[in-house]
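Here's the structure we're looking at; comments come further down.
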Amino acid sequence: MPETISPTPSSPDSGPETPRTRSVQTHCPYCALQCAMTLTVTSRPDAVDDYAVAGAEFPTNRGRLCRKGATAAELLTRGDRLTAPLLRDADGELRKTDWDTALDHVASRITALQTEHGRDAVGIFGSGGLTNEKTYALGTFARTVLGTAQIDYNGRFCMSSASKASTLAFGLDRGMPFPLTDLDDAATVLLLGSNVADTMPPFVQHLEGAREKGGLIVVDPRRSNTAALTEGEAGFHVAPSPGGDLVLLLAVAQVVLEEGFAAEDYLAERVEGLAAFRRAAMRWWPEQAQTVTGVGADLIRQLARRLGHAAARARDGGDPVFILTGRGVEQHRDGTDTARAAISLALLLGLPGTDAGGYGTLTGQGNGQGGREMGQKNDQLPGARSILDPADRAHMAEVWGVDEASIPGVGRPAAQLLHTMGTDDGVRGLLVHGSNVAVSAPDADRVVENLRALDLLVVADFFLSETAEEADVVLPVLQWAEEEGTMTNLEGRVLRRRRAVEPPAGPRSELEILAELARRLGSELDFPTEPAEVFAEIGRATRGATADYSGLDYAALDDGQAAYWPLPADPTSSTARITAPTSGERSTSGERTTTDEPITGTARMFRERFAHPDGRARLADIRVGRGVVPAGRQLVFTTGRLMEHYQSGAQTRRVDELQAAHPEPTLQLHPAAAAQFGLTEGEPATVTSDQGEMTGRVVLDDGLRTDTVFAPFHFPGAGTANRVTRGLTDPQSKMPEFKNTPVSIRPAETLETPEIPAVETTEEMPR
């Protein structure tokens, strides 16, 4: 049951009114595992409610929570929660105001900017942390009310390369086209560029089967906590130079082809383009590849042979083999090609769409999957429809009740949107929802400078993030436990987010805010404010699309169905392009999840065909570009996550336990590199690139390559890692190159850590 309410037993002298507890089943507000949790609310007379979370049984987490999830309830009682709109006055101060004043100001400024500079003068920046309903509403508002093409979101910094690669190879983008629990029985798992032991700790239990069989292979320049799981006889760790993953994968493919491990029958029946990909692989024999990757030719052959033998056994009915990628191999200028090379290797081995295993990419943000298929991506309409496809445009025009010609075209992707805003060539006004671009965007100093140059910056958030501190208007919104909605996890499973607690007086849902702005801007379109109504519209919008949600509603989710898209209302009309064992119909096999929910929709994709019109997957020639070579006394700067923090840290830095565990920015180096540059463990150091510099405390780590320095990206101010990263992007996905920046490094005198603004004690905030 979603909710239970019970009185707490009282003692004889406890008085007539006893505490009451109410428990709601929901999901964690952080990553795309979407771990199930029970949120328990204890209410007492004349006292503030207490909140507590505990892990609940669910296939992805099996009752476990990481440190972030276990402390998520603390965010609901923070004293610096935004509870009233803030408006910047003539003196440059943010002062509290009422909702009508704030929304009237936003609407009047939008009207003035678009009247003077055109529709594209105002843009929207969204988030992979928003519910499907809010994401859909943002895209609808942008294209129908604002009439702007300028909308993108922070998932461009997360999933765009893997998304593009999957679309090119398979014909559609679903991060994991199979349930996560399929990994449990694997003989071999090749995990590239993901430190799940820190970023998704409950995920690790799904690797235990491969570890017991000696089949966990981790590719990472660092000996991360995930790489450490291979120690003993659990598998092995491969440490290429940053940016060397593409050549490594092509070299492994070369051995697979050269030594006869390719699944010839599968390739003939289900794949196009083998000859072109063979040309790409044959350029990189192991001895050639080792000069670029730093991985020895013998180890490359060992990796290829391990995969080849395991895949052959899997195709004969043995335990499956999986290839998984994460941001470490995707956040590069060649990230799409690298992800596609990983997919190509899986296709060579005959894995995707079979019982022998498959390929998947590990979505990062909580709704990173749903967030990129509901319409906030610059080139997509809801259902992962293309904004350039006349049929897709016509369908959405009918759903929205607008003229198709009024729907704008493709806008700028995230990095370009942020790096041109506030200039003559960019947007003059920006609405930011659920993203902290002042910390999370590449070339962050430039982004902050551009934020300050905008004529209008509106930020909707529940805390005063570093981006909100720069805003002209700050709109307080609901937190995860205060709202209804749906999220789509890394497997493509649609989940219910349930309202568990009453929000404080003041904050509003984005659905209400967008409806009010639409009315003030003169729109005659209906903007529902109830999430269930928005979800019903999502069903109509996605009917027949790649990501078809039309056969799903809140009642089915509340009944405990495990629903995976595509789940069409009419299975005969959903897409002949995307068939499952049941041709896209609701599952009739009686299969249930490991926690006994009945499975509906398409849990495992590509069983009969891929999503290209001819049903075949695509291989292609992949060419390796010129890599980045640090000059002289330079290192390669790469970024990533910590176990204790999440994204820009705007939430986790406010949780005492998490902040105490890792309170300040750090720079991890090999002891030999530290000695070379005169650095001392525990002392501050500064790294400098052509974009800017950051300062962090030195941490020695002999698991790092001697040519690499690693920094977490969760900290603001002088410790912002993205002050160093470049705005260079992948030409196909427009993913910024976060993982490979040449830097110099030197000792620093001080390390300053910004304090969290205390908005509850002041009526104004300095800019």
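For reference, positions follow the sequence shown, starting with 1. The basis for the numbers below is simple: all heavy atoms, side chains too, and nothing from hydrogens, waters or symmetry mates.
- With hydrogens and angles disregarded, no donor-acceptor distance shorter than 3.5 Å links the side chain of Arg508 to the backbone of Ile513.
- Between His714 and His645, the ring planes are tilted. Angles from 30° to 60° get that label.
- At a cut-off of 3.5 Å, with distance as the only test, a side-chain donor of Thr38 or Gln25 sits close to an acceptor on the other residue.
- When side chains are defined from C-beta on, Val196 counts as touching Leu207, because their heavy atoms get closer than 4.5 Å.
- For the pair Thr708 and Thr638, the minimum side-chain heavy-atom distance is below 4.5 Å.
- For the residue pair Thr135/Glu373, the side-chain donor-acceptor check at 3.5 Å is not satisfied.
- Taking a cutoff of 4.0 Å between a charged side-chain nitrogen and a carboxylate oxygen, Arg497 and Glu483 qualify as a salt bridge.
- Closest approach of Gly175 to Pro177, counting heavy atoms only: O-CD, 3.6 Å.
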Worked check of side chain to side chain contact (heavy atoms under 4.5 Å, CB included) between Leu191 and Leu362 = CA-CA 10 Å; Leu191 181 60; Leu362 305 185; 3.9 Å; yes

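- Judged purely by atom type and a 3.5 angstrom limit, Glu133 has no side-chain atom pairing as donor or acceptor with the backbone of Phe535.
- With Arg78 contributing its side chain and Glu74 its backbone, the two residues share no donor-acceptor pair below 3.5 Å.
- Each of Thr363, Thr131, Asn132 was compared with Thr488 under the side-chain hydrogen bond (donor to acceptor under 3.5 Å, both in side chains) criterion, and only Asn132 meets it.
- Considering only residues two or more places apart in sequence or on other chains, Asp656 meets the salt bridge (Lys or Arg N to Asp or Glu O under 4.0 Å) condition with none of them.
- Ion pair Arg499/Glu484 not flagged as a salt bridge, since none of the NZ, NE, NH1 or NH2 atoms sits closer than 4.0 Å to an Asp/Glu carboxylate oxygen.
- Between Asp701 and Arg223 there is no salt bridge, since no side-chain N of the basic residue sits under 4.0 Å from a carboxylate O of the acidic one.
- Salt-bridge check for Arg653 with Glu466: passed, with a basic side-chain N closer than 4.0 Å to an acidic carboxylate O.
- No donor-acceptor pair under 3.5 Å is formed between the side chain of Gln732 and the backbone N or O of Ser161.
- Checked for salt-bridge contact, Arg723 and Asp443 miss the test: no charged N lies under 4.0 Å from a carboxylate O.
- With a 6.0 Å cutoff to the six-membered ring centre and a 45° limit on the axis angle, Arg222 counts as a cation-pi contact of Phe710.
- Applying the ring pair (Phe, Tyr, Trp, His ring centres under 6.0 Å) criterion to Phe125, with sequence neighbours excluded, gives no partner residue.
- For the pair Arg641 and Phe713, the cation-pi test (distance below 6.0 Å, angle within 45°) is failed.
- Side chain of Glu491 to main chain of Leu180: a donor-acceptor pair is present (N/O by atom type, distance under 3.5 Å, no hydrogens or angles).
- In this structure the side chain of Asp152 reaches within 4.5 angstrom of the side chain of Pro413, judged on heavy atoms.
- The closest side-chain heavy-atom distance from Met37 to Cys28 is below 4.5 Å.
- Here the side chain of Arg697 pairs no donor or acceptor atom with the backbone of Pro665 at under 3.5 angstrom.
- No donor-acceptor pair closer than 3.5 Å links the side chain of Arg372 to the backbone N or O of Arg156.
- Judged purely by atom type and a 3.5 angstrom limit, His237 uses its side chain to pair as donor or acceptor with the backbone of Asp220.
- In summary, the side chains of Glu597 and Thr595 do present a donor paired with an acceptor at a separation below 3.5 Å, with no hydrogens or angles considered.
- When atom types are taken as modelled, the side chain of Asn722 and the backbone of Ser440 share a donor-acceptor pair closer than 3.5 angstrom.
- With sequence neighbours excluded, the residues that form a ring pair (Phe, Tyr, Trp, His ring centres under 6.0 Å) with Phe322 are Phe178.
- Phe58 is listed as a side-chain neighbour of His27, based on a closest heavy-atom distance under 4.5 Å.
- At least one donor-acceptor pair closer than 3.5 Å links the side chain of Asp730 to the backbone N or O of Ser733.
- Checked for salt-bridge contact, Arg62 and Glu57 miss the test: no charged N lies under 4.0 Å from a carboxylate O.
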